[in-house]
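Let me begin by presenting the structure, written as structure tokens, before commenting on it.
Small disclaimer: the values here were computed from a predicted structure and weren't measured.
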Amino acid sequence: MHANPYAAHEAWWTPRFVRRGVIPFRLVVGLTLGVLTLVLPWGYPASRAAPWLSGAAIVYVAGIVAVRFNTGARVMPDGFLALLIALLAGYAWGHWRIGEVLQARLPNCVDAAPRSFELVILDVPQRESGGERRDRGARLAPDVVRFTARVWLSPDPVCPGLDEHRVRLAWYDPPTLLPGQHWRVEGRLRPPWGYRNSAGFDYERWLLGQGLNGTGYVRTGRLESQDDVPTSGHPDLRKQLREAIEARDLAQGPFILALLLGDDSRISARAWQVLRDSGTLHLFVVSGLHVGMIAGLIFQLGRGLTRLCPVLLLQVGSRRMASALAGMGSGAYVWLTGAGVPAMRAWLMSIATLALLSAGRKVSLQRVLMLVLAVVVLADPLLVHQQGFWLSFAAVLALVGYFRPRIPGDPREGFFRWRESLYQLLTAQLVLFFSLSPLLAMDVGGIPLVAPLANAVAVPLMTVVVLPLVLAAGPLLYLWPGGADALLGWADCLLGVLVDGVTLGAGVPGMAMGAVGGWEWLVLAVVVLLLGRAPGLVGGVWLAVLWWAVLIPQGAPPAYGVVRITALDVGQGSAILVETRHHRLLYDTGAIYPSGFDLGEAVVVPSLRRSRMPELDDLVLSHDDVDHTGGAAAVIRLLAPDRIWTSFPITDERWAVGSMRRCRRDVSWTWDAVRFRFLHPPSRWQGPDNDGSCVLLIDAPGGRALIAGDVSAKVERRLIKLPVDLAFAPHHGSATSSSMSFVRGFRPGIVFISTDRRSRYGHPHPEVLARFASARLFITGRDGALQWASDQPSQVGRSRSDSNAYWQGTWSREEISRPSAAGCPAGG
């Protein structure tokens, strides 16, 4: 045998870990971890120290490689070197992809005025019916269609950076909209911007995860042309199936459409709330659970059919044939439902597992999970900013970590086999509940305690009975309409039973749970991964104990005699949390919009629950305007305050909870050495709604604060004047308020203005800004949630600058003094 002439040369230039063959899996792990680091708020190198750390790491690795290749010295273990190189490569790829979206964002100046622009619709528009949405019960809301579009804007010397962007648009009561249409429209565009609070849904992060450069709405438009735009699923087929199901007038038709076509736009806001409160939302929309179940059913069916055909059995083999059928069948379902990200993840995992099964190899679930994770994040690094991505993989990781190490006992028959299956089902639901609840609580501030039981009952019924009936009815709508009617009837009946059950479960009170920090996540992840190696009861007890630690109150409450005030960022409106050592008061609850978006539920409740102390002693509803009391129903339902103070008669039965009282001048009480006193309105007040606002003075030993509602200059002149450290500008900084009498009488050192980043009413008015020239001015819509405490009266916490997350928008301080919307009235 002749020697390889390149062997000696290969020995010095080829790293040892390559020759050993250990590089592939380490590369997969490293590439994946490199991309996942961009989920951290400081992970993008545009922020502070990250560029230096990245550069130092690259130089370090380059030096190690040079030394290793030229001298052969083993500076570090080869496996670790492979992992580090792959990690940096994954980080560089993810950074470049995310940087593309960040650099293409619409500039802040784009929403200074309405604009004309061209757009092409990129996806299937989703219509939200206004039939169930009302603006405080007074009028029906218009239908709104939301869609993703590519827009082209003309260059603007005042606002550079306007060219081509990918945005999410809304169009109220529009004409017929289809993918590929080219429109010339009039509307308004906005940069990526969202509410910035300590808890609640992070809209700016969601926009980045979707690869969107901004948002906006369309007022009017003219259709220019119709182009062919590739969309997921067959538009004509989806349209025909949708029309066929809608024509049958099924009671649970919206859920059937969601399961068959992935179209959840018909599900009402009330139904969404019920599913969230019961922890069963993933069962009624297309999810990875459905895709995996379909792949499993088709696999078993394919094995049975192959065994009936000896030729296929000998030539192909039952597992190969069944794997091919399962992959194609589940892929067809994913395509039909629109190829959403959760469904695609589940399909990729199914394909990887089926490929290993067809090859006759033992399946390592951990390696399959890592392989699919790598494929998904490397294909689209933006997914690290989608909560669904983390939920789906966390669920699979938790189940694999718990069940994989366990060795099944002897097979049982009859009753004992069913009992063991039921035990495993309940155990799986408990593992998912404990593992995913911290992640879910980051957005909603609480977890449904009924979720494990509700899922244990609903999962088998939905996946084994309802979903197969719905899927079988799809093709029968063309082949045998009578058979399709029968199957849809059964599915509709069973779905009705399920909906009634989860509605009942949604009434069970949940548990408040605050945001989870890094160390808590690390402990929970380790416990989930190692739990399967402990005996069942012992492991379960340890998991419950460590999970319970997440419920420990986060952060210390104010000291005795100190008051802490937090102005939440709720846009045009107000929601103000006042805390003493043992008590909490909420002043107003934010707005509810015609679309059904409730700031009380989406922002206020999660922010209050973040401290993991769900008690709310008092709720003050300053006056009956939707931007101040729109979220009251959700706050009262979820937090149940002991006392409710109002300046107006209560007519909404949803507010009939607790002790109802009227705020009247000179009514006062003391909590923990902090005195609360209403300065307005007087008894038997009659006048405009805004002028009847509850004006609250908070007097602590170290500082004084005033919350003035929406009173006008007329009422301001009647108020008792006392110097205050903090004042909330009346009426969001409107020109009709914050008179010189108010400014000179109260002499605030710090002024909070609760309004939008760019208010449609022109708040705060330039004249008001001029009157407060001697005070430090902060605006919730631009600074995010604001926090002040009486023991440090000169300091203000600002959530937008304090969080320093690289995906959040910025607002230059120089722009605060500019009019927000020229020509807009000073009302609101």
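Scanning both residues, Ala170 and Arg146, for their nearest heavy atoms gives CB-NH1, 3.6 Å. The heavy-atom pair separating Tyr478 from Gly474 by the smallest distance is CD1-O, 4.0 Å. Counting all heavy atoms, side chain and backbone alike, Leu31 lies closest to Ala89 at CD2-CB, 3.9 Å. Of all non-hydrogen atoms in Leu487 and Ala472, the two that sit nearest each other are CD1-CB, 3.8 Å. Nearest heavy atoms, Leu467 versus Tyr333: CD1-OH, 4.1 Å. Here the closest heavy-atom approach between residue Ser330 and residue Ile298 is recorded as N-CD1, 4.1 Å.
With rounding to the nearest 0.5 angstrom, the CD atom of Glu246 is 5.5 Å from the CG atom of Leu257. With values rounded to the nearest 0.5 angstrom, Leu87 atom CG is found 6.0 Å from Thr37 atom OG1. Separating the CD1 atom in Ile245 from the CG atom in Leu477 is a distance of 6.0 Å, to the nearest 0.5 Å. With values rounded to the nearest 0.5 angstrom, Trp206 atom CH2 is found 14.0 Å from His385 atom NE2. Here CG of Leu469 is found 11.0 Å from SG of Cys493. Values are rounded to the nearest 0.5 Å. In this structure, CG on Leu38 lies 4.5 Å from CD1 on Ile98, to the nearest 0.5 angstrom.
Relative ring orientation between Trp93 and Trp96 is described as parallel, the plane-to-plane angle staying below 30° on a 0-90° scale split at 30° and 60°.
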Handout entry: Steps toward side chain to side chain contact (heavy atoms under 4.5 Å, CB included) verdict (Phe255, Leu275)
Key = CA-CA 11 Å; Phe255 293 119; Leu275 298 180; 3.9 Å; yes

Handout entry: Working for side chain to side chain contact (heavy atoms under 4.5 Å, CB included), residues Leu36 and Val377
Key = CA-CA 8 Å; Leu36 293 182; Val377 298; 4.0 Å; yes

Practice task
Could you walk me through whether Gln210 and Leu382 pass the side chain to side chain contact (heavy atoms under 4.5 Å, CB included) test, one step at a time?
Solution key: CA-CA 7 Å; Gln210 301 295 323; Leu382 297 175; over 6 Å; no

Handout entry: Audit row: Leu260, Arg242, side chain to side chain contact (heavy atoms under 4.5 Å, CB included) steps and yes/no
Key = CA-CA 9 Å; Leu260 181 61; Arg242 183 184 298 107; over 6 Å; no

Exercise for the section: Check step by step if salt bridge (Lys or Arg N to Asp or Glu O under 4.0 Å) holds for Asp123 and Arg168. Expected result: CA-CA 10 Å; Asp123 62 357; Arg168 188 70 172 169; 3.2 Å; yes

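Within the 3.5 Å criterion, the main-chain N or O of Leu250 finds no donor-acceptor partner in the side chain of Asp492. Looking only at distances, no side-chain donor or acceptor of Gln252 sits under 3.5 Å from a matching main-chain atom of Leu495. For Trp347 (side chain) and Val291 (main-chain N/O), no donor-acceptor pair under 3.5 Å exists by modelled atom type. One N or O on the side chain of Arg205 and one on the backbone of Val39 form a donor-acceptor pair closer than 3.5 Å.
Between Trp171 and Leu177, some side-chain heavy-atom pair lies under the 4.5 Å cut-off. Leu383 has its side chain within reach of Val376: a pair of non-hydrogen atoms, C-beta onward, lies under 4.5 Å apart. Taking the side chain as every heavy atom from C-beta outward, Pro125 and Pro174 never approach each other to under 4.5 Å. In this structure, the side chains of Leu498 and Leu461 come closer than 4.5 Å at one or more pairs of heavy atoms. Between Leu301 and Leu325, every side-chain heavy-atom pair lies at or beyond the 4.5 Å cut-off. Side-chain contact between Ile121 and Leu119: present, with at least one pair of heavy atoms (C-beta onward) separated by less than 4.5 Å. A 4.5 Å side-chain heavy-atom check between Arg248 and Pro481 finds at least one atom pair inside the cut-off. Contact annotation: the side chain of Leu471 approaches that of Ile294 to within less than 4.5 Å [non-hydrogen atoms, C-beta and beyond].
Looking at residues two or more places apart in sequence or on another chain, you find a side chain to side chain contact (heavy atoms under 4.5 Å, CB included) between Val29 and Phe25, Leu33, Leu83, Met370.
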